[in-house]
Amino acid sequence: MRSRNTSLTTDQKALAVNLDKYKYGSIVEIGAGQEVARRFFQVGAAAGTIAKTMSAYDMAVSDDIYGHVDRYVSRARLLQMLDKEFTQVVARLAHVRAKNTTFFAYAATVTARSFKQKNECHGWVGIRLQLHPGAEPSDVIMHVRMLDNDNALQSEALGILGVNLIHGAFFHHQSPEWIVEGLADGLGSERIEVDLIHFSGPYFEEVENRLMNLHLIRSWLTRAVVFNPQGEVVVPGELFYRKPVMVMRGSFKPVTYVNVDMMSAGLRQFSQLAAVDENEILSLAEVTMNSLISGDNVDGADFLARIDLLASQGYTVMISDYVRFFRLRAYLRRYTQKPIGIVLSVRDFQFLFDEKYYEGLEGGILEAFGKLFPDNTHVYVYPSRPRGTDAAATVTLDNVQVPENLRHLLAYLKANDKLVAVQPRDDSHLHIDIAEVLTGLRRGRGEWEADVPEGVAKRIIESRLLGYDTE
């Protein structure tokens with residue numbers, strides 16, 4: 001397999017496009033100057049590539065060109081721009097350009113750092129292009145966050161990103177992973193975050209967009225991606241904005257009745273907080289990347305199976321590489337100041353109180369807890385009971401064992417309602433062990449089916465998910 005050429009600079013990429021006389025199109029940018037167009041002009045030979053550049057900043061002008069839209073920095077506006085510009089360039093030039101010309105339209109609508117205020121800096125960026133002369137167009141669109149604190153730097157980063165996208169879409173369309181990986185060339189992970197990407201159209205029919213979004217994390221372009229219950233990738237900022245969030249962390253391999261009750265019980269107690277409107281709560285099943293990686297690779301089939309099974313139960317799913325809980329809280333705090341709840345099983349409690357877990361932090365476990373609980377954040381601890389035992393054997397927040405030197409810390413967190421014991425809604429599931437369920441399903445049909453929702457068992461058996469009946 002060929003390896004992706006990572007040695008090209010931004011200017012070399014722009015020049016490579018300019019020198020290909022059969023690639024021709026428009027570049028329209030709203031919100032942060034015309035940095036992408038500038039890149040192509042400054043390297044020379046742009047007359048062979050660019051039919052038109054434009055920046056319709058005034059809303060009335062923009063509406064007159066593209067039509068009305070409720071939000072100017074939105075996927076809807078981006079698609080309006082791509083539709084208009086691509087259709088126009090083909091209609092005007094197809095009959096006068098060489099027959100083997102492949103036309104394109106690049107568009108961006110962003111809100112960069114404001115002169116007057118520190119606003120959320122984000123936008124929608126995309127390209128519509130022919131990947132074969134005369135072919136129906138294909139799209140690559142994405143949502144980005146600009147992380148620089150200066151308007152000029154944000155504009156520069158968007159210019160580099162745009163060149164990377166145009167070059168990647170034309171020259172690496174047969175390997176969409178390379179398009180994703182190339183987006184950060186010349187930028188690193190500290191200047192631009194891409195938290196959604198979507199491929200569509202001819203030559204991208206076989207692309208599994210959920211895996212491409214997972215590849216954003218693997219490529220250090222984002223730390224988390226979010227899927228709605230329909231399995232579609234969504235923009236985290238739009239989903240979490242000003243909402244109380246309840247997170248259930250787990251491997252969900254597979255989702256079991258104990259997960260269902262854990263979330264239900266956690267939500268019941270979380271909704272009792274004065275600052276929480278029960279109707280606004282966003283409940284989230286979160287899977288960490290390290291539970292998806294086998295060796296150095298992500299098991300794509302395993303990942304898709306877990307997403308499908310969680311979606312079948314109505315869960316919004318987040319995949320993240322936030323191993324430590326306080327980093328998860330900080331991520332959610334970008335978008336909401338409402339209460340955050342994290343529900344976890346007492347079986348996983350040892351990770352929370354394992355000091356080795358916090359090696360590398362100057363303040364160790366104290367620093368970690370200080371960052372986890374600085375505001376309206378609570379961890380809800382769900383009980384467990386070994387299979388075949390009675391209620392007396394139940395392990396709860398009140399009797400769980402932690403290292404002796406941390407008992408006072410545990411007592412403090414409990415006394416201040418940072419750690420909250422969860423009362424199960426149905427304690428008949430406390431014995432369920434996800435490792436036992438996974439081992440059982442790999443042997444075929446059996447007792448494990450009683451430990452998972454009926455719809456989950458049916459999907460596992462019918463589609464042979466998660467290694468069903470392979471032992």
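Keep in mind that this is a model prediction, so the values were computed, not measured. The residues of the chain are indexed from 1 along the displayed sequence.
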* Which pairs with one or both residues in residues 17-33 pass side-chain hydrogen bond (donor to acceptor under 3.5 Å, both in side chains), sequence neighbours excluded? -> N18-T49, D20-K23
* Without swapping roles, check the side chain of E193 against the backbone of T222 for a donor-acceptor pair under 3.5 Å. => no
* Could you list the residues that satisfy salt bridge (Lys or Arg N to Asp or Glu O under 4.0 Å) with D348, not counting sequence neighbours? => none
Could you report the tightest heavy-atom contact between [X] and [Y], atom names first, then the distance?
{"X": "A169", "Y": "L131", "answer": "O-CD2, 3.5 Å"}
{"X": "A285", "Y": "L310", "answer": "CB-CD2, 4.1 Å"}
{"X": "I179", "Y": "F204", "answer": "CD1-CZ, 4.4 Å"}

* Relative to the ring of H167, is the ring of H172 parallel (under 30°), tilted (30 to 60°) or perpendicular (over 60°)? -> perpendicular
* Whether Y203 and H173 hold their rings parallel, tilted or perpendicular, with breakpoints at 30° and 60° -> perpendicular
* State, with a plain yes or no, whether a side-chain heavy atom of M263 is found less than 4.5 Å away from one of Y315. => yes
* **Sequence neighbours excluded, every pair satisfying salt bridge (Lys or Arg N to Asp or Glu O under 4.0 Å) that has a member inside residues 229-242** => R71-E238
* **Ion pair R223/D195, N-O distance below 4.0 Å** => no
* **Basic-acidic side-chain contact under 4.0 Å: E35, R39** => no
